[in-house]
Amino acid sequence: MQTVETQNEGLKRAYRMTITAKDVESRIDAEVKKIAPQVRMPGFRPGKVPANLVKKMHKDSLLQDALNSSIQEGVQKAISDHKLRPATQPHVHLDNGYEPGKDAVVDFHLEVLPAITAPSIDGITLERLTVEVSDAQVDESILKLAEGQKSFEAADKKYAAKMGDSVVIDFEGKVDGVPFEGGKGEGMAVELGSGQLIPGFEDQLVGVKANDEKVLNVTFPEDYNAENLKGKAATFDIVVTEVRKPVEAKADDNLAKMFGLEGIDKLRELMKVQVEQEHNGLTRTYMKRQLLDQLAADHDFDVPPSMVEAEFEQIWAQLEQEAAREEDAEAAKKEMEAEREEYRDIAVRRVRLGLLLSEIGQANGVEVSQQEMNMLVQQAAQQYRPEDRQRFVQYLQENPMAAAQLRAPMFEDKVVDFLFDKATITEKTVTKDVLEAAIEAEPDAKPAAKKKAPAKKAAAKEEAPAKEAKPAAKKAAPKKDAEEAPAKKAPAKKAAPKK
């Protein structure tokens with residue numbers, strides 16, 4: 001087997017490998033010898049089938065296996081001989097003119113990681129901005145918690161529903177006067193102003209009273225997920241069984257007991273810890289920004305284009321999802337396009353910093369233990385159906401690069417913690433607003449913060465904490481709506497009526 005380098009430009013490498021027919025034939029003979037004892041053929045005793053017949057029976061698969069093993073070994077040997085550190089899986093191409101019995105010419109190319117000298121970790125200075133938890137902040141968090149546990153109480157029979165109230169209805173939907181499947185239900189509670197139902201449905205319930213009967217006129221959206229209803233004008237015959245008014249949210253013992261706690265004091269203790277954790281997360285984000293900015297300022301080297309492209313695609317996909325949720329999705333996408341190169345620069349920065357952190361970690365013995373890796377695998381496996389989890393684990397075992405991607409975020413966090421321990425840190429107590437403003441003020445964070453940049457990836461710098469997501473646009477109803485009872489199907493924006 002002979003391998004010749006055909007490209008060595010920047011981080012790109014290419015090689016041409018010639019696998020002799022003799023080598024392929026030798027591998028085939030070795031495999032025949034290995035499998036012959038298990039081959040069964042009429043007219044021959046078990047294990048006594050002549051080698052030439054075994055070879056003839058399985059010639060295609062034997063040839064393919066021999067070529068594959070030769071190529072794999074040749075690629076790995078080239079990587080070892082040339083002391084390469086692959087950034088991506090090698091791309092392999094067998095010459096189209098190959099014929100059995102002749103030498104095989106194989107071309108393969110890959111990108112390699114740049115040679116990086118682990119940077120000095122001396123002289124790193126950081127500022128830790130901390131926020132003390134006030135009673136007012138705890139009260140605010142408890143109030144938000146209470147508001148999230150919204151409840152309603154029955155209103156007087158003569159009470160007219162208004163936005164924010166809940167109206168309980170029986171309904172039947174019709175198109176051209178004919179009822180449609182899944183369009184009938186009883187006892188469905190509709191919160192007016194929630195935006196959960198098709199346009200116009202909730203608005204026409206404003207002013208109704210208990211026992212009222214009414215016909216609602218609506219039009220199904222063009223992207224409704226039931227083909228027979230898309231864009232169709234429809235009517236809903238409704239009967240109001242009850243109007244309910246929201247109950248004022250109260251931070252009291254009853255609220256605490258809803259969460260299995262003894263009383264409001266225990267809830268306050270719990271929420272204080274939660275607020276502290278939130279503040280600590282902001283503090284860490286700010287410190288990490290400073291750390292990465294110092295590293296980025298001192299290092300400027302080429303990074304593998306394929307890694308940059310993969311990182312950029314991750315960023316762009318997240319931005320597209322966010323833009324789709326905006327009221328003016330097209331305008332949001334145009335704004336994205338105008339800043340495409342800025343996001344590509346962020347992708348380059350993320351990859352470069354990821355490689356720097358990797359070098360620092362390896363040079364200083366930072367590692368993810370097998371126990372920690374097992375925990376990561378088990379956590380990731382929970383995203384899959386029970387019957388698919390073992391396949392996922394096997395996939396990671398057979399794909400080192402996939403396992404490395406899973407390990408990378410924890411490894412990065414451990415390297416950052418290591419650098420925090422080595423840094424000279426000054427302390428300063430500030431308000432939460434000041435800390436958040438400091439995070440937003442970071443130059444590299446501006447486009448990301450503006451667009452709600454994606455969560456960090458394996459080789460990414462840590463972005464500003466994600467702001468609270470806006471409710472999905474009316475066209476995109478939550479998946480859970482599609483799993484509710486048929487009674488809630490017909491009016492729901494995206495939930496198709498079911499039988």
Side-chain angles (χ1 to χ4, degrees), residues 143-226 229-250 254-255 258 327 470-499:
L143 182 59
K144 288 181 179 178
L145 186 66
E147 291 173 346
Q149 305 301 313
K150 185 180 293 186
S151 61
F152 297 86
E153 61 182 7
D156 185 89
K157 297 290 184 182
K158 297 181 179 180
Y159 176 82
K162 59 184 180 181
M163 283 295 177
D165 292 338
S166 176
V167 178
V168 182
I169 61 172
D170 298 336
F171 64 90
E172 182 175 28
K174 300 176 183 178
V175 173
D176 295 329
V178 180
F180 55 85
E181 270 191 300
K184 186 175 183 179
E186 297 179 352
M188 186 179 77
V190 180
E191 183 180 342
L192 306 188
S194 65
Q196 294 179 349
L197 307 183
I198 56 178
F201 195 100
E202 295 170 20
D203 294 339
Q204 295 178 66
L205 291 177
V206 173
V208 299
K209 303 175 183 177
N211 300 321
D212 278 357
E213 296 183 13
K214 189 172 183 178
V215 177
L216 309 185
N217 294 284
V218 297
T219 300
F220 283 97
E222 292 293 342
D223 63 347
Y224 197 70
N225 61 354
L229 297 176
K230 286 184 176 180
K232 293 288 184 67
T235 61
F236 279 89
D237 299 332
I238 63 106
V239 176
V240 179
T241 60
E242 188 177 41
V243 176
R244 300 171 179 171
K245 295 191 295 184
V247 177
E248 182 181 358
K250 293 182 180 180
N254 289 330
L255 176 65
M258 292 177 65
E327 291 184 8
K470 294 181 180 179
K474 292 185 177 181
K475 293 181 180 179
K479 183 178 179 181
K480 65 179 181 180
D481 288 349
E483 297 170 353
E484 293 178 351
K488 295 188 180 182
K489 290 293 181 179
K493 285 183 178 178
K494 289 290 287 181
K498 288 187 177 181
K499 296 181 181 179

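For this chain, numbers begin at 1 and follow the sequence in order.
Residues Leu197 and Val218 have side chains not in contact (no heavy-atom distance under 4.5 Å, counting atoms from C-beta outward). Ile238 is listed as a side-chain neighbour of Val240, based on a closest heavy-atom distance under 4.5 Å. Considering only heavy atoms from C-beta on, Pro221 comes within 4.5 Å of Pro199 through its side chain.
Scored by the side chain to side chain donor-acceptor pair (under 3.5 Å) test, Lys232 finds no partners at all (sequence neighbours excluded). Every residue two or more places apart in sequence or in another chain was checked for a side chain to side chain contact (heavy atoms under 4.5 Å, CB included) with Asp176, and none qualifies. Applying the side chain to side chain contact (heavy atoms under 4.5 Å, CB included) criterion to Ala146, with sequence neighbours excluded, gives Ala249, Leu255. For Lys250, the salt bridge (Lys or Arg N to Asp or Glu O under 4.0 Å) criterion is met by no residue, not counting sequence neighbours. Contacts of Val215 classified as side chain to side chain contact (heavy atoms under 4.5 Å, CB included), with partners at least two apart in sequence or in another chain: Thr235, Asp237.
We find the CZ-CD distance between Phe236 and Gln204 to be 10.5 Å, quoted to the nearest 0.5 Å. Considering CE of Met258 and CG of Leu145, their distance stands at 8.5 Å, rounded to 0.5 Å. For the atom pair OG1 of Thr219 and NZ of Lys230, the computed distance is 15.5 Å after rounding to the nearest 0.5 Å. Here Tyr224 contributes atom OH and Ile198 contributes atom CD1; the two are 6.5 Å apart, rounded to the nearest 0.5 Å.
Between Val175 and Ala234, the closest heavy-atom pair is CG2-CB, 4.0 Å.
Formation of a donor-acceptor pair under 3.5 Å by the Gln196 side chain with backbone atoms of Val190 is not found in this model.
The salt bridge (Lys or Arg N to Asp or Glu O under 4.0 Å) pairs that include a residue from residues 191-217 are Lys150-Glu191, where partners are two or more places apart or lie in different chains.
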Query raised in the report: Are Arg244 and Glu242 close enough, and set up right, to give a side-chain contact (heavy atoms from CB on, under 4.5 Å), and what steps lead you there?
Result: CA-CA 6 Å; Arg244 300 171 179 171; Glu242 188 177 41; 2.8 Å; yes

Name every donor-acceptor pair, under 3.5 Å, that has one atom in a side chain of residues 158-172 and the other anywhere in the protein, sequence neighbours excluded.
residue, atom, partner, partner atom, Å
Tyr159, OH, Asp165, OD2, 2.9
Asp165, OD2, Lys162, N, 2.9
Asp170, OD1, Gly187, N, 2.8

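Around the CD atom of Glu327, the shell of radius 6.0 Å holds no more than 12 heavy atoms that belong to other residues, nucleotides or ligands.
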